[in-house]
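Following: one structure in structure tokens, then a few remarks.
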Amino acid sequence: MRRAWTAAAAAVVTAASAVSLAAPATAAPAQAALGGGSGILLTDAAGDVAACTLTTIGHDGGGRLVGLTAGHCGDPGDAVVPEFGWNGTPVGTIVDEYPALDVAVVQFDPALVAPVNQVGGITITRTGSPVNFPGVACKDGRTTGVTCGVTWLTDTVRHETWTQICVMEGDSGAPVVVGTTLVGMVNAFIQVPCLSPTVGTTIVAALDAINAAGGVGAGFRPI
């Protein structure tokens with residue numbers, strides 16, 4: 001079930017996801033170019049569609065082509081379709097979810113997806129820990145594009161980083177980077193989009209949980 005994601009310290013937290021119209025019906029290329037920052041549509045069995053952002057894409061220890069996004073965007077079994085430049089045919093599926101961290105793992109069909117490490121103004125070459133205050137981090141979301149803001153704090157118990165990055169609905173899952181290092185994902189904004197702080201899961205915690213489970217995504221490395 002799609003669910004709202006709530007940060008413990010927030011009075012009101014709005015998950016930065018949205019329902020969108022189907023992708024444009026245009027001729028599709030042989031492969032969809034997808035990377036951290038790409039818009040994706042997630043469709044459940046009832047036909048409900050959520051628009052979110054891909055956090056990153058790469059290969060796991062088993063050689064599978066996988067990616068991450070926010071867990072509240074969908075559930076295991078939901079189809080994943082590129083938002084633009086595709087004909088609506090699914091190119092991947094949510095295969096696992098980590099509710100405590102609001103993280104989902106997507107397995108892609110390598111015959112249909114061309115993974116890239118640069119989308120818009122964001123390039124991802126590695127993963128790492130978030131910066132401390134007053135360090136600046138940036139994100140690339142399907143709704144608001146590239147925006148940057150100061151890092152307020154990282155909660156090492158809940159594995160969340162709070163920043164002043166502008167996000168809106170649809171930016172859920174957007175990669176949060178420092179330079180070319182992926183440090184987290186966007187999960188929610190507090191009360192008012194682009195004015196209130198943004199909350200996101202640290203990538204270190206997400207990958208640690210996936211590695212501990214040992215399933216699809218374990219041993220992930222970005223393209």
Side-chain angles (χ1 to χ4, degrees), residues 1-3 5 15 17 31-44 50 52-83 90-119 122-130 139-142 158-161 171-177 180-188 200-223:
M1 181 168 98
R2 300 178 196 276
R3 55 188 163 277
W5 181 88
S17 60
Q31 289 182 306
L34 290 177
S38 295
I40 52 175
L41 304 177
L42 303 100
T43 306
D44 64 16
C52 284
T53 305
L54 185 65
T55 309
T56 184
I57 194 168
H59 294 95
D60 67 7
R64 292 169 288 238
L65 184 62
V66 298
L68 305 179
T69 192
H72 66 260
C73 292
D75 297 305
D78 287 0
V80 178
V81 178
E83 184 172 15
V91 298
T93 305
I94 295 181
V95 294
D96 212 343
E97 186 179 5
Y98 297 82
L101 296 172
D102 193 29
V103 172
V105 178
V106 179
Q107 183 169 351
F108 290 105
D109 183 342
L112 299 178
V113 174
V116 296
N117 70 354
Q118 181 177 7
V119 174
I122 293 292
T123 301
I124 296 171
T125 61
R126 62 182 69 87
T127 61
S129 300
K139 75 94 181 64
D140 187 4
R142 53 80 63 189
R158 294 181 61 86
H159 308 294
E160 301 169 345
T161 298
D171 288 333
S172 277
V176 177
V177 302
T180 64
T181 301
L182 177 67
V183 300
M185 71 166 62
V186 169
N187 293 89
T201 301
T202 65
I203 199 65
V204 171
L207 295 181
D208 282 351
I210 294 168
N211 290 340
V216 176
F220 174 83
R221 294 291 182 273
I223 293 298

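Reckoned from all heavy atoms, side chains included, excluding hydrogens, waters and symmetry mates. What you see is a predicted model; the values in this text were computed from it and never measured.
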Are V105 and L68 close enough, and set up right, to give a side-chain contact (heavy atoms from CB on, under 4.5 Å), and what steps lead you there? CA-CA 5 Å; V105 178; L68 305 179; 3.9 Å; yes
Provide the closest heavy-atom pair for G173 versus M185 in the form atom of the first, atom of the second, distance. O-CB, 4.0 Å
Using 0.5 Å steps for rounding, measure from the CG atom of N117 to the CD1 atom of I57. 11.0 Å
Less than 4.5 Å apart, side chain to side chain, heavy atoms only: is that true for P130 and I203? no
Got a sec, which pairs hit side-chain hydrogen bond (donor to acceptor under 3.5 Å, both in side chains) with one end in residues 54-67, sequence neighbours left out? D60-R64
Working to the nearest 0.5 angstrom, can you tell me the gap between D75 CG and L42 CG? 10.0 Å
Do D102 side-chain atoms and G71 backbone N/O form a donor-acceptor pair below 3.5 Å? yes
Distance (rounded to the nearest 0.5 Å) between L207 CG and Y98 OH: 10.0 Å
Going by the side chain to side chain contact (heavy atoms under 4.5 Å, CB included) test, name the single residue among L182, T127, D140 that passes it with V177. L182
Inter-residue atom distance L65.CG - Q107.CD, 0.5 Å rounding: 8.5 Å
Hey, are the side chains of F108 and T93 touching, using non-hydrogen atoms and a 4.5 Å cut-off? no
Any side-chain heavy-atom pair from T125 and P222 closer than 4.5 angstrom? no
Rounded to the nearest 0.5 Å, the SG atom of C52 sits from the CG atom of L41 at a distance of 9.0 Å
Within the structure provided, determine whether V186 and V176 are in side-chain contact (heavy-atom separation under 4.5 Å). yes
Smallest heavy-atom separation, A205 atom then L101 atom, equals O-CD1, 3.6 Å
Could you go step by step and tell me if N187 and T201 meet the side-chain hydrogen bond (donor to acceptor under 3.5 Å, both in side chains) rule? CA-CA 7 Å; N187 293 89; T201 301; 3.2 Å; yes
Taking atom types as modelled and ignoring hydrogens, do the side chains of T180 and R126 form a donor-acceptor contact shorter than 3.5 angstrom? yes
What are the two closest non-hydrogen atoms of V91 and P82, and how far apart are they? CG2-CD, 3.6 Å
Counting C-beta onward and ignoring hydrogens, is there a side-chain heavy-atom pair between V113 and Q31 closer than 4.5 Å? no
About how many Å separate CG of D78 and OG1 of T69, when rounded to the nearest 0.5 Å? 11.5 Å
Nearest heavy-atom contact between V81 and P90 is CG2-CA, 3.7 Å
